[in-house]
Amino acid sequence: MLDVALLRDHPDDVRRLLERRAIADVDLDELIVLDEERRRVRAKAEHLRSEQKTLGSQVPDLEGKARDEAIGRASQLASDVKQGLADADELDDRFQAIWVPLPNRVHDEVPDGKTEEDNLELKKVGEPPVFDFEAKDHLELAEATGIIDVERGAKVSGSRFAYLQGRAVLMEFALVRWAFDRLSAEGFIPVVPPVLVREQALFGTGFFPSDSDQVYEVAADDLFLVGTSEVALAAMHGDEIFSSDELPVRYAGFSTCFRREAGAAGKDTRGIFRVHQFDKVEMFSFCDPDRSWEEHEFILAREEALVQELGLPYRVVDVCVGDLGASAARKYDIEAWFPSQERYREITSCSNTTDYQARRLKVRFKDEAGNNHLVHTLNGTAVAVGRLLVAIMENFQQSDGTVRVPDALVPYAGFESF
RNA sequence: GGAGAGGUGGCCGAGCGGACGAAGGCGCUCGCCUGCUAAGCGAGUAGGGGGUGUUAAACCUCCUCGAGGGUUCAAAUCCCUCCCUCUCCGCCA
């Protein structure tokens, strides 16, 4: 959610935002008038309530006729106040219905564009592997060794579900453990958060209302399955106030992630590249607003360090405005090379959501002077297990159809190929 | 799932129609005192909305005692709904 002060003090900034985000259905001038109106009506009602309270507090000291008169007048005031506040609430609702869904402000350097095709490549590291044999895709490799079973996944749960077996499972836990080791060394606290959350957590992180069609709902209990542990990590400190000297607070959360992939029909249907359920280690940071852009680079650097240690060829892209989520002010994706697709595809993503989530979740910190401010929140993928397994398999495959384990993972996996 | 108890400020805890945004204690901050430490003394110490005003403030006002409704001139206190926590039983990894 945006700061309402922005609308009042810098309406042109809001206008620019609407243009950049290509939002055409919001009438800014009307919104400004609505904001003024709701404040005026509320101030009036509150003034009446002030009178009512003053009068009411005098009642116990009065007797007889004076008392009856006071109660009579206070009674009238009480009903006026009630009506006034109801009017103000209604105006608030109308205002919030427009204001709250507005997406976050966008960093000036974010490239223009509509789709991921318009993302700007910032750097390219490593070279795509050259094979002196017929390279296979991850599913061929995995089915040959029996470590991924999508057919039974489909039989039991439907399309985009799979079984991991044997060394694929050990690779998963090797990846996770390795990532936790690296991130712990950088001050990230390992967390296993809940994967079922209340609506408030999804709203607070900006996934609701805009992306609600991507979320699985457990209707009987009014809970939702998270698509990323970011949701539970961000909401963890909702309604809390940090002291400034404890920032940044950094977490590395491991969770299973659930995504409906609505609208992705026919896209990435082969293997486990895009599935409804996968495991992920996610970095999350609560930090001082003055250094959130520095923190953003820091998180990207952690992602790069991990990908580099594995030895995957990759590139970094600056995600264009049209491909940016509602809450992100800027987002970098790391895309690894996928030989079977002959292109770079997303394996990590890190966003600075500035104060957008913090405002909805009410996560603040107290500065030295004792004043409270919103923190900035950031998130970034450390290890998206399924997709990283695919990348490793395809890039490290050998002529005999097995896969070489990246050196960094060998001590964690306990074997050198699978 | 069944039975019971309870949710008050950073924490503990009192209050059970008006004098309560809330006694008392702990913690914390600042000051005083004590030639160390400890103790003692004094002051301060919740969050949010709106307004006037500077943008460093300052002031006024409203809301918040789990959440939301209701009764009343007046609600932490009474009523309703929901949420959460704890204990015992059942079930269970």
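Atom set for the values below is all heavy atoms of this structure, side chains included, hydrogens, waters and symmetry mates excluded. None of these values were measured; they are calculated from a predicted model. Here is how names work: the chains are called A, B, and so on, in the same order as the sequence lines, proteins then strands, and each is numbered from 1.
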Classify the nucleic acid contact of [X] as base, sugar-phosphate or nothing, counting any heavy atom under 4.0 Å across all strands shown.
| X | result |
| --- | --- |
| A/K362 | nothing |
| A/N372 | sugar-phosphate |
| A/R67 | base |
| A/R198 | sugar-phosphate |
| A/R8 | sugar-phosphate |
| A/K44 | nothing |
| A/R42 | nothing |
| A/Q52 | sugar-phosphate |
| A/L77 | nothing |

Answer with yes or no after comparing the ring centroid distance for A/Y216 and A/F224 against a 6.0 Å cut-off, counting only values under it.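 No - the distance between ring centres of A/Y216 and A/F224 does not fall below the 6.0 Å cut-off.
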Are A/F161 and A/Y163 close enough that their ring centers fall under 6.0 Å?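 Between A/F161 and A/Y163, the centre distance exceeds or equals 6.0 Å.
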Going by atom types only, do [X] and [Y] share a side-chain donor-acceptor pair under 3.5 Å?
| X | Y | value |
| --- | --- | --- |
| A/T205 | A/Q357 | no |
| A/N352 | A/T354 | no |
| A/E304 | A/Y314 | yes |
| A/W178 | A/E309 | yes |

Do the side-chain N or O atoms of [X] get closer than 4.0 angstrom to the phosphate oxygens (OP1, OP2) of [N]?
| X | N | value |
| --- | --- | --- |
| A/R364 | B/rG48 | yes |
| A/R39 | B/rG49 | no |
| A/K366 | B/rG47 | yes |

Between B/rG47, B/rC62, B/rG18, which nucleotide gets closest to the side-chain atoms of A/E46?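 Looking only at side-chain atoms, A/E46 lies closest to B/rC62.
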Heavy atoms from C-beta onward define the side chain here; which of B/rG18, B/rC62, B/rG48 lies closest to that of A/S50?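 Of the candidates, B/rC62 comes closest.
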Under the side chain to side chain donor-acceptor pair (under 3.5 Å) rule, what pairs show up with a residue in residues 54-76 of chain A, not counting sequence neighbours?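 Pairs touching residues 54-76 of chain A that pass the test: A/Q76-A/D80.
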Is the backbone N or O of A/V33 less than 3.5 Å from a side-chain atom of A/E36, with the two atoms forming a donor-acceptor pair by type?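 Not confirmed, A/E36 side chain does not pair with A/V33 backbone.
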Taking A/Q277's backbone N and O only, do any of them form a donor-acceptor pair with A/R259's side chain (distance below 3.5 Å, no angle check)?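 No, the answer is negative, given that no donor and acceptor are paired below the 3.5 Å cut-off.
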Got a sec? Which of residues 82-91 of chain A come in under 4.0 Å of RNA chain B, heavy atoms?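 Contacting residues: A/K82.
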Which stems, defined as runs of 3 or more consecutive Watson-Crick or G-U wobble pairs with both pairing distances under 3.5 Å, involve RNA chain B?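 Runs of three or more consecutive pairs: B:1-7 with B:83-89, B:10-12 with B:24-26, B:27-32 with B:40-45, B:46-52 with B:58-64, B:66-70 with B:78-82.
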Could you give the distance separating B/rU64 and B/rA22 at their P atoms, to the nearest angstrom?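 It works out to 14 Å between them.
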